[in-house]
Amino acid sequence: MSGINLIGLLPSEMEDLAVDVGASRYRGRQLATWIYRKGVLDLDAMSDLPKDFRARLAERAEIGLPEVERVTPSLDGSRKLVFRLHDGGRISAVLMPDDDRLTLCLSTQVGCGFECAFCLTGTMGLDRNLDAAEIVAQLLIANSLSPEQRVTHMVFMGMGEPLANYANLVKAIRIFTDARLGLGYSPRRITVSTVGLVPAMDRLGREDLKVNLAISLHGATDEVRGRLMPINRSFDLAALMGAVKRYPLAPRQRVFFEYVLLEGVNDSEEDARRLVKLLRGVRAKVNLIPFNDWQSSTFRRPPLPRILAFQKVVMIGGLTTTVRWSKGEDIGAACGQLREPIPA
Ligand code: SAH
């Protein structure tokens, strides 16, 4: 790509760029409005921008988007979008309709470096971080693919660890939530999920972005969690729960906890009671995710009665909990199933 990518610039950076090419800040605001508010991704279609401004802009900058390689519809109504990046890397995003909601699950890295034992994406290893443009483009393209319904909610639960790509994540969120010239999403409709990078969680809390936080917990003791998630050796449950309690919450806001149910590993009623104890005093919502199988995985999904028995203990313990049956299982789009080949 040549020059600056307009996608992924903050509206204020577009204003600066307009000044740099000899125009007024107002032209930059118009540019942001076209791209983010109207979703127009072609400079030639921006009819109220003077021709000479567009020409000078085109010498310095362009609209760079990843190529949509595939859109795979699932029987359950979700759709998996596979993008091919400029260096040949591939990522995916998943569109999930639910009543009047349309949730987009976004990727933040090509691959992932955290090696959770049960996660297929984790077997890829980390290739690289996405830049802010590549994160924002997933939403812009998803919205352009479904003009009949705009994306209403976003979850950073695709490929990669969002908090390991901190600066680009925060920049993308600022573009999504800028109400004046950005996309205008309420931060309460955006959820950032993490394996539990404690320093980055604290930093996120201080940004005042007000987005929802989700923790991939999966075990209620260091013994169980440490076996499943290597990150637990760097930040154990005590450190993690400390950061959770420091994360600033609005009055009715809660922290989400994801707990993948693995047969014989973390699915006993005793495990459920430990989970209740761990989350005592935390404004928590527990999402139980029955394990999604993938080839050569050594884990198994517990039988339904066991899943329901686990949920019952958590509910009786006073926690809000739902069983989250993943969408897109039939198309390799379910939690932890995202994996696209990395080019050699
Ligand atoms: N790296 C971040 C964002 C990914 S979120 C994080 O881990 O939070 C994806 C969620 O799906 C995580 O909670 C992950 O632990 C879970 N997951 C991974 N593999 C899974 C599988 N095979 N079945 C069910 N859930 C899985």
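Counting starts at 1 for both ligands and their atoms, following the listed order.
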Closest protein heavy atom to atom 19 (N) of ligand 1, given as residue, atom name and distance to 0.1 Å: Gly336 CA, 3.1 Å

Which of the ligand 1 atoms, numbered from 1, are nearer than 4.0 Å to a heavy atom of Trp294: 22 (N)

Selected option - heavy-atom contact closest to atom 6 (C) of ligand 1, from Ser216, Gly113, Gly196: Ser216

Ring-face cation contact, Tyr185 with Arg150, 6.0 Å cut, 45° max: yes

Contact check, Phe114 vs ligand 1, heavy-atom distance below 4.0 Å: no

Ligand 1-proximal atoms of Thr194, by part, heavy-atom distance under 4.0 Å: backbone

Note, Val155 side chain near Thr103 side chain (heavy atom, < 4.5 Å): yes

Asn292, portion touching ligand 1 at heavy-atom distance under 4.0 Å: both

4.5 Å side-chain heavy-atom contact, Glu207 and Tyr166: yes

Side-chain donor or acceptor of Thr152 paired with backbone N/O of Leu102 under 3.5 Å: yes

Which segment of Met157 sits under 4.0 Å of ligand 1 when only heavy atoms are counted: both

Heavy-atom gap Ser297 to ligand 1 smaller than 4.0 Å: no

Distance-only N or O hit between ligand 1 and Phe118, under 3.5 Å: yes

Distance filter under 4.0 Å to Phe291 heavy atoms, resulting ligand 1 atoms: 21 (C), 22 (N), 23 (N)

Any donor-acceptor N/O pair, Thr177 side chain to Ile173 backbone, under 3.5 Å: yes

Enumerated ligand 1 atoms positioned under 4.0 Å from heavy atoms of Cys119: 18 (C), 19 (N)

Leu240 and Phe235, any side-chain heavy atoms less than 4.5 Å apart: no

Side chains of Asn292 and Arg301, donor plus acceptor under 3.5 Å: yes

Minimum-distance protein heavy atom relative to atom 25 (N) of ligand 1: Cys335 CB, 3.4 Å

Worked verdict on Arg56 versus Asp52 for salt bridge (charged side-chain N to carboxylate O under 4.0 Å, His left out): CA-CA 6 Å; Arg56 269 175 292 136; Asp52 65 317; 2.8 Å; yes

Atoms of ligand 1 close to Gly158 [distance to a heavy atom under 4.0 angstrom, numbered from 1]: 4 (C)

Residue, atom name and distance, where the atom is the protein heavy atom closest to atom 10 (C) of ligand 1: Glu258 OE2, 3.7 Å

Nearest non-hydrogen protein atom, atom 2 (C) of ligand 1: Glu161 OE1, 3.4 Å

Side chain to side chain, Phe118 and Val265, heavy atoms closer than 4.5 Å: no

Subset of ligand 1 atoms that lie under 4.0 Å from at least one heavy atom of Val260: 23 (N), 24 (C), 25 (N)

Interfacing atoms of ligand 1 (cut-off 4.0 Å, heavy-atom, Ile289): 24 (C), 25 (N)

Thr194 versus Glu161, side-chain donor and acceptor atoms under 3.5 Å: yes

Minimum-distance protein heavy atom relative to atom 3 (C) of ligand 1: Gly160 O, 3.6 Å

Side-chain heavy-atom pair Glu134, His86 within 4.5 angstrom cut-off: yes

Residue, atom name and distance, where the atom is the protein heavy atom closest to atom 14 (C) of ligand 1: His218 NE2, 3.8 Å

Check: Asp267 main-chain N/O paired with Asp271 side-chain donor or acceptor under 3.5 Å: yes

